[in-house]
2 protein chains.
Amino acid sequence: METSNLKKAGLKVTLPRMKILEILETSETRHLTAEAIYRELLDSGEEIGLATVYRVLTQFEAAGLVCRLHLEGNQAVFELERGGHHDHIVCNQCGRVEEFFDETIERRQREVAQHHGFAIKDHALVLYGDCTDSVCPHRPV
Amino acid sequence: METSNLKKAGLKVTLPRMKILEILETSETRHLTAEAIYRELLDSGEEIGLATVYRVLTQFEAAGLVCRLHLEGNQAVFELERGGHHDHIVCNQCGRVEEFFDETIERRQREVAQHHGFAIKDHALVLYGDCTDSVCPHRPV
DNA sequence: GATAGAAATGAGAATCTTGATCATCTGAGC
DNA sequence: GCTCAGATGATCAAGATTCTCATTTCTATC
Ligand SMILES: [Mn+2]
Ligand SMILES: [Mn+2]
Ligand SMILES: [Zn+2]
Ligand SMILES: [Zn+2]
């Protein structure tokens, strides 16, 4: 088990924290809601409460282990922090999420903010569209 | 009264709809939460329920009269649609909202989406930072 | 202008997501 | 193994938004 991340973050190594971290590390889907993680825990036979999932995810976020995103939809999604900042494209039809990083956009954001007298600290950028994935119900014929 | 917008949108001209539209048109603040609109209605002596405010705003959104934004914070904000698309910068300290439009960012978004096989339909971009407004508590000395 | 039917409203209940409380349990150090 | 600060789980609570349904208000028609 990879408990070093937890220790480094100053968090006691507990079973719920290990299991949640493991799900974030191994799940097919990179971007998971708290409920999705909770269901995976139930499916694997763990008796961990939903409140704990939210609590642990919030702690992970504060510790810089995960980041929380709002991708249109009422639930926040969480993803493991893997060093590099990136933004997201979401398919309106099948919900698939792709990641991207564009230095031009990043630079223009800084410039625009400066023009308006803001010292930019953060940003949220999500693109919405229709994807061409083979399983997407909207895929053009 | 400017009831033509309502009629054009195929909405029956009612007192709540007129009042809400009037607030959106005349308020100092361009970006208003449903609750803020509700409070303005109460202050001006109108007996309009909060549920109606939400209902009407959702209808206005569907009709293209207003757009709904999520500017970090739990409440959505609404603003009158004035033709031109724009994005937003929000001050982390005082909450001030500035608007901007940058063609370079818009173009790169389309290009990035295309690269990933997406037909982009929409996007949400919000920059967060510290502003230099004279009343902002974070203003540098 | 009165009338009728459809649509809109208001009050409050309901829902959904997330955070708070608190008694009980667990892990890290000794 | 023992201790206790910290973590957990069950439940409750809060905030935002939507739903329900009885009552009211527009709009069209006479
Ligand atoms: Mn991501
Ligand atoms: Mn705006
Ligand atoms: Zn798709
Ligand atoms: Zn400010």
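Remember, predicted model here, so these are calculated numbers, not experimental data. A, B, ... follow the sequence lines: proteins, then strands. Residue 1 opens every chain.
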TODO: Inspect the contact between A/Glu99 and A/Arg82 and indicate whether a charged nitrogen and a carboxylate oxygen are less than 4.0 angstrom apart.
DONE: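 Yes.
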Open item on the list: So that I can tick it off, tell me whether B/Arg108 and B/Glu106 are bridged by a salt bridge, with the cut-off set at under 4.0 angstrom between side-chain N and carboxylate O.
Closed with: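 The answer is no: the pair does not qualify as a salt bridge.
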TODO: Please tell me which of the listed nucleotides, C/dA20, D/dG9, C/dT18, lies nearest to the side chain of A/Ile48?
DONE: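 Out of C/dA20, D/dG9, C/dT18, the nucleotide with an atom closest to A/Ile48's side chain is D/dG9.
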TODO: Specify the residue among A/Ala51 and B/Arg55 whose closest nucleotide of DNA chain D lies further upstream toward the 5′ end.
DONE: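 Its nearest nucleotide being more 5', the pick is A/Ala51.
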- [ ] Would you jot down, in residue-number order, the residues of residues 59-78 of chain B having a non-hydrogen atom under 4.0 Å from DNA chain C?
- [x]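 Hits under 4.0 Å, by residue number: none.
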TODO: Spell out, as yes or no, whether a donor-acceptor pair under 3.5 Å connects the side chain of B/Ser27 to the backbone of B/Leu24.
DONE: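 Answer holds: no.
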- [ ] Keeping the roles fixed (side chain from A/Thr33, backbone from A/Ala36), state whether a donor-acceptor pair exists under 3.5 Å.
- [x]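 Such a contact is found between A/Thr33 side chain and A/Ala36 backbone.
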Rounded to whole Å, please give me the gap between [atom1] in [X] and [atom2] in [N].
X	N	atom1	atom2	answer
A/Ile20	D/dA7	CD1	P	13 Å
B/Glu35	D/dT18	CD	P	13 Å
A/Glu47	D/dA10	CD	P	7 Å
B/Leu41	C/dA11	CG	P	13 Å
B/Lys19	C/dT9	NZ	P	14 Å
A/Tyr38	C/dC16	OH	C1'	15 Å
A/Met18	C/dA28	CE	C1'	13 Å
A/Leu32	C/dT18	CG	C1'	17 Å

- [ ] Look at atom CD of A/Glu47 and say whether more than 12 heavy atoms of other residues, nucleotides or ligands are closer to it than 6.0 Å.
- [x]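 Open: at most 12 neighbouring heavy atoms sit under 6.0 Å from CD of A/Glu47.
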Task: Heavy-atom closest pair, residues A/Ala9 and A/Ala63 - done: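 Minimum heavy-atom separation between A/Ala9 and A/Ala63: CB-CB, 3.7 Å.
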TODO: Compute the ring centroids of B/His123 and B/His85, then answer whether they are less than 6.0 Å apart.
DONE: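 Yes, close enough.
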Task: Any B/Thr52 side-chain N or O less than 4.0 Å from OP1/OP2 of C/dA8 - done: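 So the side-chain polar atoms of B/Thr52 never come under 4.0 Å of the phosphate oxygens OP1 or OP2 of C/dA8.
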Open item on the list: Looking at B/Tyr54, I'd like to know whether one of its side-chain N or O atoms comes within less than 4.0 Å of OP1 or OP2 on D/dT17.
Closed with: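 So the side-chain polar atoms of B/Tyr54 do come within 4.0 Å of the phosphate oxygens OP1 or OP2 of D/dT17, strictly under.
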Open item on the list: Contact between A/Phe78 and A/Cys67 at the side-chain level, heavy atoms closer than 4.5 Å - yes or no?
Closed with: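 Result no, sub-4.5 Å side-chain heavy-atom pair not found.
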Open item on the list: Base, sugar-phosphate or nothing for A/Arg17? Non-hydrogen atoms, less than 4.0 Å.
Closed with: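 Touches sugar-phosphate only.
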- [ ] Apply the salt bridge (Lys or Arg N to Asp or Glu O under 4.0 Å) test between A/Glu46 and each candidate in A/Lys19, A/Arg39, A/Arg17; give the one that qualifies.
- [x]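 Only one option passes, and that is A/Lys19.
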Polar atoms only, N or O, under 3.5 Å: list the protein pairs with nucleotides 26-30 of chain D and their distances.
unit_1: D/dC26; atom_1: O3'; unit_2: B/Val13; atom_2: O; d: 3.4
unit_1: D/dT27; atom_1: OP1; unit_2: B/Val13; atom_2: N; d: 3.0

